[in-house]
2 protein chains.
Amino acid sequence: MSKQYYHADTYSTRNSVAYLVKRAHGLSLDSIEPGLAEHGLTFTQYAVLMALRDDLALNPKDICIKLRHDSGALTRVLDQLEARGLVERHRSAEDRRAIELHLTAQGHAALKTVVPLVVKRINSAIKDFSPAETDELLRLLNKLILGLHAEIADQSGASA
Amino acid sequence: MSKQYYHADTYSTRNSVAYLVKRAHGLSLDSIEPGLAEHGLTFTQYAVLMALRDDLALNPKDICIKLRHDSGALTRVLDQLEARGLVERHRSAEDRRAIELHLTAQGHAALKTVVPLVVKRINSAIKDFSPAETDELLRLLNKLILGLHAEIADQSGASA
DNA sequence: CGGCATTGACTGCTTAGGCAGCGAATTATC
DNA sequence: GATAATTCGCTGCCTAAGCAGTCAATGCCG
C-alpha cells in the first residue's frame, strides 16, 4: 500500500499527529489548570463534573471510558467530590451493581463559576483561528477519534 | 467582543477543542502502548527516545518542556534508559550544570524496531483521512499549539 | 571582583494513577 | 432454573508523576 500517510523511514516527532495531540493536550492543561486551582479543583475533578453535566456519562464506568480514567482512581475522585457535596451517588434501580451519578446544586454552581474561566482560556488560545478553522479542527479531531476507536477495536479483536 | 468562538452558556464538553484533544490523546495511548510494551518500553520512555532522535531536545530540561514531563520524574526515566544502555549522559562543556543526552546505537536500534509499529497504528487510525485532511489537521494542531503557547505566556506575564 | 539571584539536574516526600483481586449483581448457557 | 461467566464498583498495593528543597554552576548588578 503506497497510500499510507506516514512511512517508518520518514516519520518524525515533529510531523506526528500523535505527538502534536499530546503536546496540545499538555499545553491545554498548563493553560486551564491554574484557573481551576484557584477554585480548589483539579483538572480531573473538573472533567468529571463536566462529563456529568453534559451527560457524557451517568455512571462511573462511562466516566472511566470517556475520560480514560482508571476505575480505582475514579472511585477516589468521586469520594472527594461527594464529600465536598458536588456530586451524589445513587445505587441504580435497574442494575443494582451500577451507580447513578448526578451533580448537586453545588456542583452546578461550581461549574458556573469555573466554566467561564476555561472558556476564556480556550478562546484566547484559538483567537487567531477563523470560525471555519475551528470548525474544521473540531471535525478532524472527531474524525481522528473515530479512527482511533476503530483501530483499537480492530487490534483487540484481532487477537481475540 | 462577539467574535469569540465559545460562550460560557453554550460551551459543552462535546464541542470543546480541549476535550477532543484530551480524548484523542488518551485513545492514541491506548492504540500505541501495547506495541511498545511488547518491546519493554513505556510510552514515556519511547517519547524520550524519539525526542532525542529527532533533536526535539538535547538535554533533560528541553525534554521536560517538550514532553511536559516533571523534572524529577524525568531524572528517573533517564536513569532507566541509561541503565539499559539506550541513552548516554554527558556533562556539557559550555555549561557544566547541564547534561547532554544522546542515543546510543542500542537506542537507535530499539527505535528502529518500534517506530514501524507506531507508524502502522497511526496510519490505521487515519486511514479514512485524505492526505489533504491529515495535512490540515497537522497545520491546525500546530496553530493551536502556538496559540496555547502565546496564551500561557500572556497569562504568566500578566501576573508578573 | 563580590555578592545575589537564577538556572539545571537531582533527591526525598507526597499524591495520584495503574493494576490485581474481591464481592455483589446480572447475564448467558445448558 | 442452577451454574458458570461477565460486569460494576470498590479496596489494597505498587509504580510513576508532581512538588519542594538542595547543590553546583552560571549570569547579573553593583
Side-chain angles (χ1 to χ4, degrees), chain A residues 22-23 25-30 32-34 36-37 40-48 51-52 57-84 87-102 156 160, chain B residues 22 25-34 36-37 40-48 51-52 57-84 87-102 156 160:
Chain A
K22 170 180 164 58
R23 183 123 180 76
H25 172 61
L27 290 171
S28 298
L29 292 180
D30 286 338
I32 293 173
E33 275 179 338
L36 299 176
L41 286 176
T42 66
F43 182 82
T44 303
Q45 291 169 338
Y46 162 77
V48 168
L52 293 176
L58 339 143
N59 49 51
K61 182 204 164 207
D62 290 344
I63 295 184
C64 289
I65 295 171
K66 291 302 175 72
L67 263 40
R68 196 186 180 266
H69 203 76
D70 177 76
S71 159
L74 182 65
T75 296
R76 276 147 340 218
V77 173
L78 291 174
D79 288 345
Q80 297 165 1
L81 294 175
E82 193 180 30
R84 287 169 59 180
V87 162
E88 283 180 0
R89 288 194 245 221
H90 295 291
R91 185 99 6 219
S92 164
E94 301 93 43
D95 185 341
R96 306 233 338 273
R97 291 168 301 181
I99 282 189
E100 291 166 6
L101 298 168
H102 64 90
S156 340
Chain B
K22 171 179 164 60
H25 173 60
L27 290 171
S28 299
L29 293 180
D30 285 338
S31 168
I32 293 173
E33 275 179 337
L36 298 175
L41 286 175
T42 66
F43 182 82
T44 303
Q45 293 170 337
Y46 162 78
V48 168
L52 294 176
L58 337 144
N59 48 52
K61 183 203 162 208
D62 290 345
I63 296 185
C64 289
I65 296 170
K66 292 302 176 71
L67 262 42
R68 196 184 179 267
H69 203 78
D70 177 76
S71 160
L74 182 65
T75 297
R76 267 125 19 195
V77 173
L78 290 173
D79 288 345
Q80 297 165 0
L81 294 175
E82 194 181 29
R84 287 169 59 179
V87 161
E88 283 180 359
R89 287 195 246 222
H90 295 292
R91 187 121 331 243
S92 164
E94 301 93 44
D95 186 341
R96 306 230 340 271
R97 289 168 302 182
I99 282 190
E100 292 166 3
L101 298 168
H102 64 89
S156 340

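Chain A is the first sequence line, chain B the second, and so forth, proteins listed ahead of strands; every chain is numbered from 1.
For Arg84(B), the side chain to side chain donor-acceptor pair (under 3.5 Å) test picks out no residue, with sequence neighbours left out. Annotation: side chain to side chain donor-acceptor pair (under 3.5 Å) contacts of Asn59(B) (sequence neighbours excluded): none. Under the salt bridge (Lys or Arg N to Asp or Glu O under 4.0 Å) criterion, Asp62(B) pairs with no residue at all, not counting sequence neighbours. Residues satisfying the salt bridge (Lys or Arg N to Asp or Glu O under 4.0 Å) criterion with Arg96(B), sequence neighbours excluded, are absent altogether. For the salt bridge (Lys or Arg N to Asp or Glu O under 4.0 Å) test, residues two or more places apart in sequence or in another chain that qualify with Asp79(B) are Arg89(B). Partners of Glu33(A) by salt bridge (Lys or Arg N to Asp or Glu O under 4.0 Å), not counting sequence neighbours, listed by chain and number: Arg68(B). Among residues two or more places apart in sequence or in another chain, the side chain to side chain donor-acceptor pair (under 3.5 Å) test is passed with Gln80(A) by Gln45(A). Partners of Asp70(B) by side chain to side chain donor-acceptor pair (under 3.5 Å), not counting sequence neighbours: none found. Under the ring-ring contact (aromatic ring centres under 6.0 Å, His included) criterion, His69(B) pairs with no residue at all, not counting sequence neighbours.
Note that the two end axes of the helix from dC1(C)-dG30(D) to dC30(C)-dG1(D) enclose an angle of 40°, each drawn from 5 base pairs, rounded to 10 degrees.
With rounding to whole Å, Asp30(B) atom CG is found 16 Å from dG17(C) atom P. Rounded to an integer number of Å, the gap from His69(A) NE2 to dC8(D) P is 18 Å. Following rounding to the nearest Å, Leu36(A) (CG) and dG18(D) (P) show an atom-to-atom distance of 16 Å. Rounded to whole Å, the distance from CZ on Arg96(B) to P on dG27(D) is 13 Å. Rounded to whole angstrom, the span from the CG atom of Leu101(A) across to the C1' atom of dC10(D) amounts to 13 Å. With rounding to whole Å, Leu29(B) atom CG is found 13 Å from dG18(C) atom C1'. Rounded to whole angstrom, the span from the CZ atom of Arg68(B) across to the C1' atom of dA16(D) amounts to 15 Å. For the pair Ile65(B) CD1 and dG18(D) P, the interatomic distance rounds to 15 Å; values are reported in whole Å.
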What pairs of nitrogen or oxygen atoms, one from the protein and one from nucleotides 1-5 of chain D, lie under 3.5 Å apart?
none

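Looking at Leu52(B) and Ile63(B), their side chains come closer than 4.5 Å, going by heavy atoms from C-beta outward. In this structure, the side chains of Leu101(B) and Leu58(B) stay at 4.5 Å or more apart for every pair of heavy atoms.
No engagement by Thr42(A) is indicated, since no non-hydrogen atom pair under 4.0 Å with the nucleic acid exists. Among the heavy atoms of the strands, none lies under 4.0 Å from Glu33(B). In this structure, Glu94(A) reaches the sugar-phosphate backbone alone: every heavy-atom distance under 4.0 Å involves primed, P, OP1 or OP2 atoms, never a base.
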Report summary line: Quick tally for nucleotides 8-15 of chain C: nucleotides whose base has a protein heavy atom under 4.0 Å get B, sugar-phosphate-only ones S, the rest -, giving SSBBB---
